[in-house]
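Hydrogens, waters and symmetry mates play no part in the numbers below; they use all other heavy atoms, side chains included. In the text below, chain A, chain B and the rest are named by the order of the sequence lines, each starting its count at 1.
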Number of protein chains: 2
Amino acid sequence: MGNPNRDNEYLGKLQDYFSQYRSLPSYAVIGEMLGMASKSAVSALVKRLTLAGYIEMTPDRRLAPTKRFFERELADFPVPAGLPAAANDAMSDALTVDEYLIPRPSTTVLVRVKGDSMIEAGIHDGDIAVVEKRHAANLGDKVIAIVDGEYTLKTLAKDKLGFLLQPENAEYAPIRPREGLEIYGVMVGLIRKYR
Amino acid sequence: MGNPNRDNEYLGKLQDYFSQYRSLPSYAVIGEMLGMASKSAVSALVKRLTLAGYIEMTPDRRLAPTKRFFERELADFPVPAGLPAAANDAMSDALTVDEYLIPRPSTTVLVRVKGDSMIEAGIHDGDIAVVEKRHAANLGDKVIAIVDGEYTLKTLAKDKLGFLLQPENAEYAPIRPREGLEIYGVMVGLIRKYR
DNA sequence: GCTCCAGTCGAACAATCGTTCAGATAGACT
DNA sequence: AGTCTATCTGAACGATTGTTCGACTGGAGC
């Protein structure tokens, strides 16, 4: 062929564009962006990407990304620094971050973690906890519980006296609810961002 | 005025459309959708919504939703005091977890963490590291480096002898690269899922 | 060497784009 | 009542859209 397959690189630029503007550009602008001089080249590219399932046409013939457009490759080993094509081969799995973390959006809440009472479980101050709202939990689950009208993230435990909320930090004492234990939700994921 | 203000209703339909197609339609289709017979009415509406900050124009004059476009009435859920604010400010101005963690999709890779050499930094075996591919890093950054052809996640440090890769686990020894240090990428985020 | 052929170029095309403007409509105000 | 004023209509406009087609390019593979 005239060129090695650069569609992956092209797709990447489109993903960057969409993540910035939440909209896909026109063929002319795509061409400019990708260094193509003719719209017919873009047209062919769009056809290829559509076939591959990354983009689609709305009923009124506008470009729109599909779900696959947002998939990321999850590599067990990072790939040798080299061609983007190589990165494809080593892709062990593809997933969208949102779907991975939040399978049930309507009952899921994000809560910013405060304090270091859970630091030995690798949950730091400022992290974001992905919490699924429900009232039932298993022992060992990290739960958001309501104690004296306050919300607190602890590990659910139990001893001969009953349920208790266990911090993951030796400097903190377990909390034993005076009355029934009210659980707001169960922590199902963690998000952290380094700046 | 000729009509009560129906912009809210119009906005709602645009939101529905976007959530279905991930793209905003042309003026003609908007008019059809909203029951407007003339594109100039749509043009005026777009001007109003732009002014109100719900939509904007990309550099190539395409309609694109803004963050405010995705705001929802929060009247429905009187969430117990303390939490709702946390959920909202947790991701500040990002619409999705994906967007929050991955501003530049094409240079970002997800890598599954193996081993517990970084456990004191709250990075556990099985966690997913969000890695931005680049060769430059700052001291203190957690980097994926290439040492003897192997990829390893460590904290970048430096002493009088030069750069070294510092594990975050007292039981591991620092790695001092024999030759130049090659950096594959910088860890910018962390994702963990509890099952 | 030679042929393939996916990818790109360049130009021409009708269709659709969003803008503009003058005029009609109808609720809100005095 | 009459006047305002924001909204919508309808038509005309040049600009831009995406499609199409024939020709060119340069690795891959015989």
Per [X] side chain, nearest of listed nucleotides [options]:
X: A/S43; options: D/dT20, D/dC8, C/dC9; result: D/dT20
X: B/K39; options: C/dT19, C/dT8, C/dT20; result: C/dT19
X: A/M36; options: C/dC9, D/dT7, D/dG10; result: C/dC9
X: A/R61; options: D/dC8, C/dT19, D/dT19; result: D/dT19
X: A/A41; options: C/dG18, C/dT8, D/dT9; result: C/dT8
X: A/A28; options: C/dC9, D/dT17, C/dG18; result: D/dT17

*With a 4.5 Å limit on heavy-atom distance, are the side chains of B/Y17 and A/T58 in contact?*
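Of all side-chain heavy-atom pairs linking A/T58 with B/Y17, at least one is under 4.5 Å.
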_Donor-acceptor side-chain pairing of A/D141 and B/Y194 below 3.5 angstrom_ =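 There is no such pair (donor and acceptor under 3.5 Å, judged by atom type) between the side chains of A/D141 and B/Y194.
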Figure out the [atom1]/[atom2] separation between [X] and [N], and round it to whole Å.
X: A/L63; N: C/dC17; atom1: CG; atom2: C1'; answer: 15 Å
X: A/D60; N: D/dT17; atom1: CG; atom2: P; answer: 16 Å
X: B/L34; N: D/dT7; atom1: CG; atom2: P; answer: 14 Å
X: B/E32; N: D/dC8; atom1: CD; atom2: C1'; answer: 17 Å
X: B/E9; N: D/dT7; atom1: CD; atom2: C1'; answer: 14 Å
X: A/L45; N: D/dG18; atom1: CG; atom2: P; answer: 13 Å
X: B/R62; N: C/dC17; atom1: CZ; atom2: C1'; answer: 10 Å
X: A/I30; N: C/dC9; atom1: CD1; atom2: C1'; answer: 17 Å

*asked:* Within the 4.0 Å heavy-atom criterion, would you say B/A37 contacts the bases, only the backbone, or no part of the nucleic acid?
replied: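 Answer is sugar-phosphate: B/A37 comes under 4.0 Å of backbone atoms only.
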For [X] and [N], is the shortest distance between a side-chain N/O and OP1 or OP2 below 4.0 Å?
X: B/Y27; N: C/dT19; result: yes
X: B/R48; N: D/dT7; result: yes
X: B/R6; N: D/dA6; result: no

_How about CZ on A/R61, more than 12 heavy atoms from neighbouring residues, nucleotides or ligands closer than 6.0 Å, or not?_
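Check fails, neighbour count at 12 or below.
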_Tell me whether B/K193 at atom NZ has more than 12 heavy atoms from other residues, nucleotides or ligands lying less than 6.0 Å away._
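Yes, the 6.0 Å shell around NZ holds more than 12 heavy atoms from other groups.
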*Just checking, B/K39 and B/Y27: is the charged tip under 6.0 Å from the six-membered ring centre and within 45° of the axis?*
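No.
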*asked:* With a 3.5 Å cut-off and heavy atoms only, can you find an N or O donor on one side and an acceptor on the other between the side chain of B/S40 and the base of D/dT9?
replied: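 Yes.
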